[in-house]
Protein chains: 2
Amino acid sequence: MTAPDERKLTDMLRDVGLRPTRQRLALAGLLFAHGDRHVTAEELHREAAETGLSVSLATVYNTLNQFSDAGLLRQVITDGARTFYDTNTRDHYHFYAEEDGRLIDIPADQIDLGRLPPPPDGARLAGVDVIIRLRKAGA
Amino acid sequence: MTAPDERKLTDMLRDVGLRPTRQRLALAGLLFAHGDRHVTAEELHREAAETGLSVSLATVYNTLNQFSDAGLLRQVITDGARTFYDTNTRDHYHFYAEEDGRLIDIPADQIDLGRLPPPPDGARLAGVDVIIRLRKAGA
DNA sequence: ATTTGTGCAAATCGTTTGCATCTGA
DNA sequence: TCAGATGCAAACGATTTGCACAAAT
């Protein structure tokens with residue numbers, strides 16, 4: 001919960017085999033310094049710019065994808081219009097508020113997914129995504 | 001389960017407020033004639049061409065979206081790369097085989113979603129998507 | 001006659017890639 | 001030194017849109 005210092009971030013990156021470059025450290029700082037977050041590439045890019053770091057959007061995308069491949073982030077697909085990157089890699093689910101495009105974590109223990117059907121034939125289970133879509137209460 | 005005839009399709013479209021045009025009838029025929037299906041716009045477009053109907057891809061997209069808005073179809077998002085349109089609008093869930101991009105229905109009664117968390121504040125539940133991701137069994 | 005749909009091509013939007021240039025180990 | 005990273009711009013693929021023409025009520 002407390003902001004990881006530069007040293008910790010460096011180690012985190014080394015641990016997953018990524019070089020702790022200036023931009024990766026800075027982006028990791030933005031991502032992991034303040035508890036769980038859901039960011040899009042655009043958002044992180046803007047945020048980086050605001051804190052004085054100049055990174056190209058392409059590098060933000062590359063970095064987010066590298067972090068995801070390394071298991072530091074998890075991608076969340078909602079409506080296909082954009083990809084969210086979730087710093088919470090534990091087992092959990094999501095509310096998705098369609099109008100404002102907001103994503104809200106649902107801890108795993110709040111949904112009881114008993115009795116999943118077995119994976120077909122030669123397939124193994126790679127993950128379970130649960131998205132609860134929300135609309136405004138009216139109508 | 002039996003192929004709906006032209007008359008039934010016409011009524012179906014009228015019922016949801018869509019004019020039964022030639023292309024809409026033809027696409028509806030492809031979609032609803034053979035039980036539950038998951039199609040992408042590209043697939044349906046190709047299929048239409050194969051059966052001798054010339055429709056533009058834009059019209060296929062427009063039609064699929066109109067059908068979805070009208071409740072005749074349901075969109076399924078898997079990896080953000082493409083949108084599937086599901087002719088099964090009943091409550092149910094999906095397996096998604098990542099390697100071959102195949103979608104498999106899971107009947108609602110095969111997953112027990114007891115105890116959903118209540119929607120936050122002024123939001124109402126608009127839908128629940130469950131996607132079980134599959135990989136090849138090896139590794 | 002009037003409204004609604006269609007086709008086409010161009011536009012959009014998020015995301016990825018190629019390549020020349022930097023940078024960390 | 002030198003593999004690996006970065007930046008930029010161009011490429012991309014799925015989807016949407018603008019507009020002139022055609023078809024349905």
Side-chain angles (χ1 to χ4, degrees), chain A residues 6-7 9-30 38-49 52-70 72-73 75-85 101 103, chain B residues 6-7 9-30 38-49 52-70 72-73 75-85 101 103:
Chain A
E6 191 113 341
R7 154 61 54 88
L9 293 174
T10 300
D11 292 347
M12 167 189 282
L13 293 180
R14 286 234 169 79
D15 285 351
V16 299
L18 292 173
R19 280 196 196 169
T21 65
R22 178 160 54 269
Q23 20 290 68
R24 292 215 265 237
L25 281 170
L27 293 176
L30 292 172
H38 307 109
V39 280
T40 64
E42 291 280 1
E43 282 166 9
L44 188 59
H45 182 240
R46 179 164 25 75
E47 213 173 296
L53 172 76
S54 143
V55 240
S56 73
L57 182 56
T59 296
V60 172
Y61 271 107
N62 291 335
T63 301
L64 286 171
N65 287 332
Q66 288 155 178
F67 284 10
S68 298
D69 291 346
L72 301 176
L73 294 175
Q75 299 190 210
V76 182
I77 309 291
T78 56
D79 54 7
R82 60 196 146 204
T83 302
F84 288 95
Y85 295 84
L103 211 50
Chain B
E6 190 113 341
R7 153 61 54 88
L9 293 174
T10 301
D11 293 345
M12 166 189 283
L13 293 179
R14 285 235 167 79
D15 286 349
V16 298
L18 293 173
R19 282 192 193 170
T21 64
R22 177 160 57 269
Q23 20 288 75
R24 292 216 266 237
L25 282 170
L27 293 176
L30 292 172
H38 306 112
V39 279
T40 63
E42 291 280 1
E43 283 166 9
L44 188 59
H45 182 240
R46 180 163 23 76
E47 213 172 295
L53 171 76
S54 141
V55 240
S56 73
L57 182 56
T59 295
V60 172
Y61 271 107
N62 290 335
T63 302
L64 286 171
N65 287 332
Q66 288 155 177
F67 284 10
S68 299
D69 291 346
L72 300 176
L73 293 176
Q75 300 190 209
V76 182
I77 310 291
T78 57
D79 55 7
R82 60 196 147 208
T83 302
F84 288 94
Y85 295 84
L103 210 52

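Each chain gets a letter, A, B and so on, in the order its sequence line appears, and its residues count up from 1.
How far CG of A/Leu9 is from CZ of A/Arg24: 13.0 Å, rounded to the nearest 0.5 Å.
Residue pairs meeting the side chain to side chain donor-acceptor pair (under 3.5 Å) criterion with at least one member in residues 9-19 of chain B, sequence neighbours excluded, do not occur.
Nucleic acid contact for B/Thr40: none, since no nucleic acid atom lies under 4.0 Å from a heavy atom of the residue. Nucleic acid contact class of B/Arg19 (heavy atoms, under 4.0 Å, all strands): base. Contacts of A/Thr83 with the nucleic acid, taken as non-hydrogen atoms under 4.0 Å apart, involve only primed sugar atoms and P, OP1 or OP2.
Taking every nucleotide of DNA chain C with any atom under 4.0 Å from a non-hydrogen atom of chain B, the first and last of them, 5' to 3', are C/dT3 to C/dA9. Along DNA chain D, read 5' to 3', the first and last nucleotides having any atom under 4.0 Å from a heavy atom of chain A are D/dA3 to D/dA9.
Within residues 58-67 of chain B, the residues approached by DNA chain D to less than 4.0 Å at the level of any non-hydrogen atom are B/Ala58, B/Tyr61, B/Asn62, B/Asn65, in residue-number order.
No donor-acceptor pair closer than 3.5 Å links the side chain of A/His38 to the backbone N or O of A/Phe84.
Where the helix from C/dT12-D/dA14 to C/dA25-D/dT1 starts and where it ends, the local axes point in directions that differ by 30°; five pairs per end, rounded to 10°.
Remark: A/Ile77 pairs with A/Thr83, B/Ile77 by the side chain to side chain contact (heavy atoms under 4.5 Å, CB included) rule, at least two apart or across chains. Here A/Glu47 pairs with A/Arg37 under the salt bridge (Lys or Arg N to Asp or Glu O under 4.0 Å) rule; sequence neighbours left out. When the side chain to side chain contact (heavy atoms under 4.5 Å, CB included) test is applied to B/Asn62, the partners found at least two apart in sequence or on another chain are B/Gln66. A search for side chain to side chain contact (heavy atoms under 4.5 Å, CB included) contacts involving A/Glu42 returns A/Thr40, A/Leu57, not counting sequence neighbours. A/Thr59 is linked by a side chain to side chain donor-acceptor pair (under 3.5 Å) to A/Ser56, counting only residues two or more places apart in sequence or in another chain. When the salt bridge (Lys or Arg N to Asp or Glu O under 4.0 Å) test is applied to A/Glu43, no partner is found at least two apart in sequence or on another chain. Not a single ring pair (Phe, Tyr, Trp, His ring centres under 6.0 Å) links B/His45 to another residue, sequence neighbours left out.
Comparing A/Thr21 and B/Pro20 by the nucleotide of DNA chain D whose heavy atom lies nearest to each, the residue mapping closer to the 5' end is A/Thr21. Judged by closest nucleotide on DNA chain D, B/Phe84 is the one of B/Phe84 and B/Arg22 placed further toward the 5' end.
A 4.5 Å side-chain heavy-atom check between A/Phe67 and A/Leu18 finds at least one atom pair inside the cut-off. Side chains of A/Asn65 and A/Tyr85 form a contact here, defined as non-hydrogen atoms less than 4.5 Å apart. For the pair A/Gln23 and A/Thr63, the minimum side-chain heavy-atom distance is 4.5 Å or more.
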